[in-house]
Undergrad: 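Sharing a structure, written as structure tokens. Questions coming.
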2 protein chains.
Amino acid sequence: MIDDDGKKVKKKLIIKTWFNEIATLHHDDLIISTRINQLIHRQRSDYQNILIFQNQIFGRCLALDDAIQCTELDECAYQEMIAFLPMNIHRHPKRVLIIGGGDGGVARECCKHPLVEQVVQCEIDKRVVEASKRYLPFMSKSFSNENKLIMNFQDGYEYVQQHPLEFDVIITDSCDPKGPAQLLFDAKYYQQLFQCLRPGGVICSQAESYWFELKFIQSLFDKVDKIFPSISYATTSVPSYPSGQIGFLLASNEANFNFVEPKHRFNEQDCERFGLKYYSESMHKASFVLPRFVRKALNL
Amino acid sequence: MIDDDGKKVKKKLIIKTWFNEIATLHHDDLIISTRINQLIHRQRSDYQNILIFQNQIFGRCLALDDAIQCTELDECAYQEMIAFLPMNIHRHPKRVLIIGGGDGGVARECCKHPLVEQVVQCEIDKRVVEASKRYLPFMSKSFSNENKLIMNFQDGYEYVQQHPLEFDVIITDSCDPKGPAQLLFDAKYYQQLFQCLRPGGVICSQAESYWFELKFIQSLFDKVDKIFPSISYATTSVPSYPSGQIGFLLASNEANFNFVEPKHRFNEQDCERFGLKYYSESMHKASFVLPRFVRKALNL
């Protein structure tokens with residue numbers, strides 16, 4: 001175990017306790033308890049509680065405040081999808097902006113894309129990046145990619161205001177819409193994203209579970225629909241998130257944008273070369289197929 | 001609240017407690033706790049504990065022994081898929097056999113299909129059917145469909161041995177592979193299913209989560225692959241099940257069988273007429289698109 005200052009505690013402590021997560025935004029009627037087989041790191045940063053632990057099912061887990069953000073078992077299903085969905089529908093994704101994503105998983109995926117020349121990341125909490133570098137190397141390895149990645153420890157909300165017309169793809173890898181992350185779900189933020197994009201640009205944002213937060217997604221759609229001429233929703237399967245399903249809101253500043261057909265089509269060799277465990281061309285298309293009740297609710 | 005003998009307890013008791021479910025077959029390192037906002041019914045049958053309760057997120061829930069079987073919120077994603085996937089890839093699904101499925105949800109879906117003339121169901125536990133009839137009417141309504149449905153309170157394992165060459169589609173809606181339900185995952189059962197099918201027949205069985213039970217699914221595939229010339233796996237999203245993902249093993253006695261393209265294609269009007277909330281033609285196809293790591297593990 002490592003203590004708060006990163007000092008090694010020689011005697012290996014196995015602390016058996018549980019990480020308990022309330023599953024939905026508005027009710028506490030479902031709780032998911034993940035056993036902490038080994039506590040790896042815990043820290044209170046200026047913004048949040050950072051907890052890294054080992055679980056027998058999920059492997060290494062990162063939790064921020066009340067919620068698991070990613071685990072070794074299933075992070076591929078989130079990171080690959082939030083990154084490759086927007087990059088592969090953009091004609092030429094040269095410059096990518098990541099808001100949030102302090103664990104490094106999204107940056108790792110973005111740096112893989114052969115057409116991407118630069119990835120700029122804005123993470124408000126330097127401590128998350130530091131902890132990930134030390135304890136989550138499978139996600140944070142691209143932080144050392146000096147050819148492609150520029151890291152800013154800055155509020156993403158501010159950054160997008162200051163950089164109009166600079167990016168082809170903007171990925172918002174945020175926490176749930178409560179506390180400070182709530183700002184990343186408001187209309188003003190989406191207006192800034194719109195300004196920040198170059199022509200033919202695409203955004204992709206973490207957009208909650210349609211099973212548990214359909215009303216929230218509807219109201220988000222209502223806001224974003226007024227700003228972007230094209231908007232869609234894709235889904236992925238992430239068992240460490242409540243409901244096991246999470247979605248992405250995709251939007252483009254181009255009208256009649258085709259989100260479903262990738263412009264860059266990866267064959268099996270490409271997928272293998274990029275080390276993709278979840279994403280494929282067929283998965284890209286399938287992720288836009290939604291249950292009938294969701295399509296109806298979102299007018300898709 | 002209703003007591004074990006179905007007698008109404010006049011004073012309405014609101015019992016606040018939790019239903020705790022261990023999420024995987026072999027580890028107890030993940031526990032999902034669903035609040036019992038209102039206990040509706042509990043009973044010990046000859047086979048299992050039956051519990052019906054109300055939860056704020058899932059609505060009415062049915063649990064058998066240690067596991068939630070279905071909830072009002074998400075049962076559509078399971079019942080529609082396990083029923084319409086095999087029925088819509090069969091050329092002419094006249095006779096359908098359901099093993100298990102005591103809640104009635106699968107029978108409800110099978111009875112909807114215009115080509116289905118008869119649905120035979122084998123449920124070992126009469127008490128589950130009775131409880132469902134009384135407390136889960138949204139699922140059990142087809143139990144009164146005397147035109148199409150024949151109900152047998154019998155061991156499905158025995159039934160399939162006694163009825164060779166009788167069915168076009170056989171659906172196994174079983175509990176998890178532990179206790180008595182384990183028999184429904186062995187090679188002998190699949191040999192009986194093979195005998196029980198008419199030419200061009202299709203089976204569809206509950207086949208666990210690829211996130212949590214991939215090795216189990218691999219070994220099931222190994223067994224079934226030796227018996228059926230065509231085999232495949234489809235997935236659906238069910239938030240009340242651990243991992244939020246569950247799959248179906250589909251197999252046919254016909255070689256080179258196409259599972260992905262439905263032979264009966266429902267347009268939007270059809271889906272509306274059949275009251276489908278989850279299934280559609282595009283969902284049918286998308287459900288066979290699996291993450292790369294699953295495709296590799298199952299050689300699909």
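Throughout, protein chains are lettered first and strands after them, A, B, ... in sequence-line order, and every chain is numbered starting at 1. Side chains included, hydrogens not; waters and symmetry mates left out as well; all remaining heavy atoms used.
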Undergrad: Select, from Ile57(B), Leu290(B), Thr34(B), the one with the greatest count of heavy-atom pairs under 4.5 Å involving chain A.
TA: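 Looking at each option in turn, the highest pair count goes to Ile57(B).
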
Undergrad: Using heavy-atom distances under 4.5 Å, tell me whether Tyr279(B) contacts chain A through its side chain, its backbone, both, or neither.
TA: backbone

Undergrad: Should Arg295(A) and Glu268(B) be marked as a salt bridge (charged side-chain N to carboxylate O under 4.0 Å, His left out) after you check the CA-CA gap, both sets of side-chain angles, and the distance that decides it?
TA: CA-CA 12 Å; Arg295(A) 269 202 278 133; Glu268(B) 281 300 300; 3.3 Å; yes

Undergrad: Which atom pair, heavy atoms only, marks the closest approach of Leu30(B) to Trp18(A)?
TA: N-CZ3, 4.3 Å

Undergrad: Between Phe212(B) and chain A, which part of the residue has a heavy atom less than 4.5 Å away: side chain, backbone, both or neither?
TA: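 Side chain only.
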
Undergrad: Heavy-atom pairs under 4.5 Å with chain A: which of Leu276(B), Thr236(B), Asn20(B) has the most?
TA: Leu276(B)

Undergrad: Can you tell me which portion of Lys285(A) sits under 4.5 Å from chain B's heavy atoms? Options are side chain, backbone, both or neither.
TA: neither

Undergrad: Relative to chain A, which segment of Thr24(B) carries a heavy atom at a distance below 4.5 Å: side chain, backbone, both, or neither?
TA: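 Looking at Thr24(B), just its side chain touches chain A.
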
Undergrad: With a 4.5 Å limit on heavy-atom distance, are the side chains of Ser237(B) and Tyr210(A) in contact?
TA: yes

Undergrad: Identify which part of Gln56(A) has an atom lying under 4.5 Å from any heavy atom of chain B, answering side chain, backbone, both or neither.
TA: both

Undergrad: I would like to know whether Glu80(B) and Arg292(A) meet salt bridge (charged side-chain N to carboxylate O under 4.0 Å, His left out); could you show each step before the answer?
TA: CA-CA 11 Å; Glu80(B) 292 180 13; Arg292(A) 293 191 78 241; over 6 Å; no

Undergrad: Side chain from CB out, backbone as N, CA, C, O: work out which of these in Asp28(A) comes under 4.5 Å of a heavy atom of chain B, or both, or neither.
TA: both

Undergrad: Would you say Trp211(B) and Val238(A) make side-chain contact, with heavy atoms under 4.5 Å?
TA: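 The answer is no; the side chains never approach within 4.5 Å.
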
Undergrad: Relative to chain A, which segment of Glu21(B) carries a heavy atom at a distance below 4.5 Å: side chain, backbone, both, or neither?
TA: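 Contact with chain A is absent: no heavy atom of Glu21(B) under 4.5 Å.
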
